[in-house]
Amino acid sequence: MTAKLHRSTSNAIELIALTKRYSQDKPAVDSINLRIASGSYCCLLGPSGCGKSTTLRMIAGHESVSAGDILLEDRNITDLPAAARGTAMMFQSFALFPHLNALDNVAFSLKMKGADKPTRHRQAAALLERVAMGHLAQRKPAELSGGQQQRVALARALITEPKVLLLDEPLSALDPFLRIQMRAELRRWQKELGLTFIHVTHSQEEAMALADTMVVMNQGVIEQMGSPHDIYNRPINEFVARFMGGHNVLNTAEGMISVRTDHMQLAVDEPTLSDGLGHKRAVITDIEYQGTYVLVGLQEPGQLQNPSSTAEISVMVPEASFDAQPFALGQRVQLRWRPEAAHSLVH
Ligand code: ADP
Ligand code: MG
């Protein structure tokens with residue numbers, strides 16, 4: 001008798017060389033490998049067209065896979081129908097049925113599965129209680145606030161008892177104020193429910209606010225994955241540094257580096273060569289007051305001849321420092337940075 005090997009796992013989802021080709025051109029998703037820890041909040045982040053939604057739809061079973069595998073808790077789900085995978089999807093702006101009340105919205109997929117009315121109403125009511133919406137079960141979506149609608153959408157996705165919740169730009173159609181409120185709620189529910197969330201967004205701010213793990217994608221491949229803190233402080237290459245924002249990418253004698261805009265200083269004096277700080281000459285082309293700081297845009301002198309070029313370098317000067325030593329448009333200055341603030345980029 002052979003003992004059954006029991007492989008316990010901490011991965012909710014594992015993608016192995018996952019590929020999607022829509023045509024003979026470059027694949028939309030190009031052999032990506034990714035492990036997403038159970039109970040974590042993962043954000044797939046990248047510019048429009050980089051393959052985020054395609055990746056999510058392949059995990060959901062809404063898109064066929066050209067090559068590679070998808071494992072959910074070590075079970076290969078690559079060829080399973082969407083309903084049999086243990087995943088559920090939450091769509092943009094929650095996509096609730098306007099003519100159904102909250103209870104029937106939540107019960108909807110049980111109705112599709114043929115559950116009788118008492119059963120589906122009992123399960124839907126229990127889930128609405130769980131997201132603190134039990135008292136509003138009879139309301140239609142138009143009679144609910146944005147936050148309440150989001151909770152109904154969450155309950156509706158959870159009724160199939162998924163292991164992984166997939167969210168494709170769920171906040172992108174909301175106004176900025178509501179978007180910030182709703183993302184805090186999403187984060188709170190994910191922690192409270194202990195589920196794995198995979199959330200697609202093109203907003204680096206949203207991903208940084210939400211994610212335990214951020215996966216930065218570009219043209220069908222993963223450029224970098226890690227915690228928001230690690231990626232923001234150590235972008236691996238020029239693409240990630242520029243996409244994340246808040247960094248200056250500079251060519252220096254030591255190679256290509258990035259330095260955070262809040263880790264650079266402006267000086268009017270020539271650098272003392274022995275002080276060990278990085279330095280570069282630049283000319284001020286923009287000055288924007290932003291409240292707690294002043295954003296100063298600069299160009300290297302050699303680029304000034306190009307009339308179409310905009311500020312290439314930004315420095316965040318705290319308001320008090322700027323007030324103590326104001327700078328003017330057109331002024332020639334030295335950019336300074338401490339060696340430990342400079343971070344080498346891979347080509
Ligand atoms: P994202 O969600 O990151 O904006 P998508 O995954 O939607 O990107 O798209 C990735 C690439 O695949 C894009 O070039 C897009 O035009 C292409 N694409 C997406 N869906 C289809 C489809 N159904 N048929 C053909 N090409 C598609
Ligand atoms: Mg998309």
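Bear in mind that the values here come from a model prediction, so they are computed numbers and not experimental data. Start at 1 and go down the list; that is how both ligands and their atoms are numbered.
Of the charged side-chain nitrogens involved, none lies within less than 4.0 Å of a carboxylate oxygen, so that E300 and R281 do not count as a salt-bridged pair. Ion pair R338/E340 flagged as a salt bridge, since at least one NZ, NE, NH1 or NH2 atom sits closer than 4.0 Å to an Asp/Glu carboxylate oxygen. Under 4.0 Å is where a charged nitrogen must lie from a carboxylate oxygen, and between K140 and D104 no such pair does. Note on E205 versus R183: salt bridge recorded, some NZ/NE/NH1/NH2 to OD/OE distance being below 4.0 Å.
The nearest N, O or S atom of S53 is closer to the Mg ion (ligand 2) than 2.8 Å.
Taking 4.0 Å as the cut-off, G46 does not count as a neighbour of ligand 1 on heavy-atom distance. Residue contacts with ligand 1 leave out H202, since none of its heavy atoms falls under 4.0 Å from the ligand.
Proximity to A28 (heavy-atom distance under 4.0 Å) selects the following atoms of ligand 1: 11 (C), 12 (O). Using a 4.0 Å cut-off to heavy atoms of R57, the atoms of ligand 1 that qualify are 20 (N).
Taking atom 9 (O) of ligand 1 as the reference point, the nearest protein heavy-atom neighbour is T54 OG1, 3.8 Å. Looking from atom 1 (P) of ligand 1 to the surrounding protein, the closest heavy atom is G49 N, 3.5 Å. For atom 7 (O) of ligand 1, the closest non-hydrogen atom of the protein is S53 CB, 3.8 Å. Considering only non-hydrogen protein atoms, atom 21 (C) of ligand 1 sits nearest to Y22 CZ, 3.3 Å.
Both cation-pi conditions hold for R156 and F97: the charged atom is under 6.0 angstrom from the six-membered ring centre and inside a 45 degree cone around its axis.
Of the inter-residue distances, the one linking I257 atom CD1 with W337 atom CH2 reads 5.0 Å to the nearest 0.5 angstrom.
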